[in-house]
Every structure is written in structure tokens, then in C-alpha cells.
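Not measured: the values here are computed from a predicted model.
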Amino acid sequence: MLDASIHAALARELQQSQRSRVQLAQFSRRHPTMTIEDSYAIQAEWMKLCLAEGRRVIGHKIGLTSRAMQLASQITEPDYGTLLDDMLLRDGAEVEASRFIVPRFETEFAFILAKPLKGPGVTLFDVLNATDYVVPALELIDARIEQFDRETKAPRKVLDTIADNAANAAIVLGGRPMRPDAVDWRWAGALLFKNGVIEESGLGAAVLNHPANGVAWLANKLAAFDQGLDAGEIVLGGSFTRPVPCAAGDVFHADYGPLGSISVRFV
């Protein structure tokens with residue numbers, strides 16, 4: 001692994017990039033020996049900086065849950081990041097586009113936990129038993145690290161995305177909260193509209209065959225660090241649509257059918 005001082009230095013770069021809205025050169029190109037363990041260590045150091053500023057952890061996100069995205073990223077499992085209190089946006093809100101660099105929206109389901117979950121051995125059924133309710137969600141992803149290397153034009157690697165808090169930037173919860181046993185979440189889905197045009201659609205089954213499988217994966221993954229998921233946390237189960245770019249003037253509307261809808265306007 002890279003030295004801990006490098007982890008801390010790269011975390012400070014991410015913090016500055018988020019403030020300045022200026023993207024960074026790819027960490028994976030600057031440090032060719034970098035591993036996934038390094039990426040999560042950088043992410044953890046960045047979150048420490050955020051918490052030191054008074055921000056608060058409200059949950060976690062799971063990314064790269066679809067088979068197509070895993071193949072594109074050349075990995076065999078999802079990734080994860082941390083949700084902070086200032087990332088939570090109100091349904092129907094007007095969001096300043098200048099707050100982000102290259103924002104994109106994805107549709108997901110959020111699990112609100114009533115009981116803690118800690119692996120190893122957490123199953124889909126454990127997740128459903130520990131969940132208070134499930135609610136439609138939009139995740140706003142962003143990138144503090146360049147998609148293409150400024151010199152070689154090589155694409156960003158998953159190592160960069162993980163260090164970048166799994167590309168998380170904000171979340172919006174809305175629609176109808178539902179008990180976890182009230183809906184077959186494999187067949188629940190959404191239509192994602194941008195300026196009145198359907199850009200994406202998908203079903204929950206695209207997330208590891210069931211969105212709760214992502215939550216189980218995360219609880220088991222965190223167990224290796226003697227960590228778990230706490231009661232009251234929000235856990236984004238993973239996107240079942242591709243990311244859709246957004247900019248000032250765009251209006252997004254996600255229709256989850258009988259589960260309600262979410263709307264956001266970029267200004």
C-alpha cells in the first residue's frame with residue numbers, strides 16, 4: 001500500500017477540489033502501485049476531514065451494482081461511499097448547479113434501517129428484517145477526479161472513483177415510504193425524465209437481483225474493518241439506471257409509479 005502520508009495528502013486534494021470545483025489529475029496515474037485498499041484509505045481520510053468541519057454521517061451509498069457497470073470498470077464487486085448530512089436535498093428543491101463539477105442523476109431505492117446490521121454473514125432477509133422502510137431516491141453523483149487523463153487521455157479507473165467517495169455528491173429522498181415486505185423490490189422501478197423527456201428507465205432487479213443484496217454486501221464488507229451499519233442510517237442500495245447529466249436550467253422528474261415521484265430543478 002501507499003504510505004499513510006500520501007493517503008492524507010490526496011484526501012486534502014479532494015477536499016480542495018470540492019471547494020474550488022477544479023478537477024484533479026487521476027490518482028491511479030500518479031501512483032501506479034495504488035490498490036483498492038489505498039482507495040478506501042484515501043476516502044476514509046477525506047471523510048475525517050469532512051467530519052472535522054462539523055459534517056455528520058447519515059448513511060452510506062453502494063455503487064457499481066449492475067453487471068454492465070462492473071464489466072465496464074473491470075471489477076467483480078460493488079464499491080461504497082459515505083453519506084453526509086449536507087448531501088441530503090429536499091424533494092422539489094432548486095439546486096445550484098455551480099455547487100458541483102459534472103453532476104449526474106441516478107435512480108435508486110434507499111433503505112432506512114430500524115436496527116443495526118453487522119457482518120459477516122448478513123443476508124438479504126437480514127436486511128429486510130432490519131429495515132424500517134424503503135423509499136425512492138435520486139443520487140447525484142459528481143467527479144472530483146478527471147474522467148480522462150489530461151495527457152494520455154486514458155480513462156479514469158475504479159481506484160480513482162472509490163477514493164472520490166464512490167462519486168457521491170448528494171441525495172434526494174421522496175415518494176412513498178414503504179415497509180420492506182410490502183413491495184417486491186425486484187419489480188419496482190422508475191422512469192427518469194429530464195426536461196419532460198424520458199432519458200432512462202429500470203427495475204430494482206438490476207441491482208444484484210434485489211436492491212437489498214447491495215445492503216447485505218456492504219454490511220459484510222464493512223465487517224472486515226470491524227464496522228457495521230447503524231440504526232437510523234440511510235443506505236442507497238445502488239442505481240438501476242445509467243447516470244444522466246444535468247446542468248443549470250434542467251428539470252428532473254423521477255416517476256416510481258405507485259411509489260410516488262421525486263422532482264428537482266437545477267438553477
Short question: side chain of [X], backbone of [Y] - any donor-acceptor pair under 3.5 Å?
X: Q43; Y: I162; answer: yes
X: D79; Y: G63; answer: yes
X: S239; Y: E108; answer: no
X: D3; Y: S5; answer: yes
X: S20; Y: Q16; answer: yes

Kindly compute the distance separating [atom1] ([X]) from [atom2] ([Y]), expressed to the nearest 0.5 Å.
X: S261; Y: L192; atom1: OG; atom2: CG; answer: 12.0 Å
X: R19; Y: S17; atom1: CZ; atom2: OG; answer: 11.0 Å
X: I145; Y: L14; atom1: CD1; atom2: CG; answer: 5.0 Å
X: M1; Y: I36; atom1: CE; atom2: CD1; answer: 11.5 Å
X: T161; Y: N168; atom1: OG1; atom2: CG; answer: 12.5 Å
X: N165; Y: H60; atom1: CG; atom2: NE2; answer: 10.5 Å

Inset, instruction - List the steps and the verdict of side-chain contact (heavy atoms from CB on, under 4.5 Å) for I112 and T131. - result: CA-CA 6 Å; I112 315 302; T131 298; 5.6 Å; no
Residues two or more places apart in sequence or in another chain: which of them pass salt bridge (Lys or Arg N to Asp or Glu O under 4.0 Å) with [X]?
X: R56; result: none
X: R90; result: none
X: K115; result: none
X: D38; result: none

Legend entry - Pair F111 + Y133: ring centers closer than 6.0 Å: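 No, the ring centres sit 6.0 Å or more apart.
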With salt bridge (Lys or Arg N to Asp or Glu O under 4.0 Å) as the rule and sequence neighbours excluded, what pairs involving [range] come up?
range: residues 150-161; answer: E146-R150
range: residues 202-224; answer: E77-K221
range: residues 123-140; answer: K61-E139, D132-R179

Inset, instruction - Go through the steps for T33 and L2 under the test side-chain contact (heavy atoms from CB on, under 4.5 Å), then give the verdict. - result: CA-CA 8 Å; T33 62; L2 302 176; 3.6 Å; yes
Connected via hydrophobic side-chain network under 4.5 Å: [X] and [Y]:
X: I42; Y: L51; answer: yes
X: L191; Y: I262; answer: no
X: L88; Y: L83; answer: yes
X: I58; Y: L236; answer: yes
X: F193; Y: L259; answer: no

Inset, instruction - Count the heavy atoms belonging to other residues, nucleotides or ligands that lie under 6.0 Å from CZ of R265, then report whether that count exceeds 12. - result: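 Atom CZ in R265 is not packed in, count stays at 12 or less.
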Legend entry - For N220, all residues meeting side chain to side chain contact (heavy atoms under 4.5 Å, CB included), sequence neighbours excluded: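 Only V122 meet the side chain to side chain contact (heavy atoms under 4.5 Å, CB included) criterion with N220.
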Legend entry - With sequence neighbours excluded, residues passing side chain to side chain contact (heavy atoms under 4.5 Å, CB included) with L203: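 Testing L203 for side chain to side chain contact (heavy atoms under 4.5 Å, CB included), a comparison that skips the adjacent residues, returns W187.
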Legend entry - Donor-acceptor side-chain pairing of Q147 and Q23 below 3.5 angstrom: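 Checked: Q147/Q23 side chains show no N/O donor-acceptor pair below 3.5 Å.
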Inset, instruction - Classify the side-chain pair T152/D149 by whether it contains a donor and acceptor separated by less than 3.5 Å. - result: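 A pair is found: one side chain offers a donor N or O, the other an acceptor, under 3.5 Å apart.
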Which heavy-atom pair separates [X] from [Y] by the least distance, and what is that distance?
X: R144; Y: A169; answer: NH1-CB, 4.1 Å
X: M34; Y: A163; answer: CE-CB, 4.3 Å
X: A166; Y: G81; answer: CB-N, 3.9 Å
X: P120; Y: A223; answer: N-CB, 3.7 Å
X: F252; Y: C246; answer: CE1-CB, 3.1 Å
X: V127; Y: A212; answer: CG2-O, 3.7 Å

Can you list, pair by pair, the side-chain donor-acceptor contacts under 3.5 Å of residues 92-105, counting residues two or more places apart and other chains?
from, atom 1, to, atom 2, distance (Å)
R99, NH2, D86, O, 2.8

Taking the side chain as C-beta and beyond, is there a heavy-atom pair between [X] and [Y] under 4.5 Å?
X: V197; Y: K194; value: no
X: I171; Y: L89; value: no
X: F266; Y: L140; value: yes

Inset, instruction - Could you walk me through whether F109 and V183 pass the side-chain contact (heavy atoms from CB on, under 4.5 Å) test, one step at a time? - result: CA-CA 12 Å; F109 291 117; V183 175; over 6 Å; no
Legend entry - CA sep, side-chain torsions, deciding dist, call: D91, L173, side-chain contact (heavy atoms from CB on, under 4.5 Å): CA-CA 6 Å; D91 181 16; L173 305 182; over 6 Å; no
Inset, instruction - Check the pair E200, R242 against salt bridge (charged side-chain N to carboxylate O under 4.0 Å, His left out), reporting the backbone distance first and the verdict last. - result: CA-CA 7 Å; E200 275 295 315; R242 77 172 173 87; 2.8 Å; yes
Legend entry - Connected-component partners of I141 among ILVMFWY, side-chain separation under 4.5 Å: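 I141 clusters with nothing; isolated.
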Return all side-chain donor-acceptor pairs below 3.5 angstrom for residues 225-233, not counting sequence neighbours, or 'none' if the list is empty.
from, atom 1, to, atom 2, distance (Å)
D226, OD1, K118, NZ, 2.7
E233, OE1, D230, N, 3.3

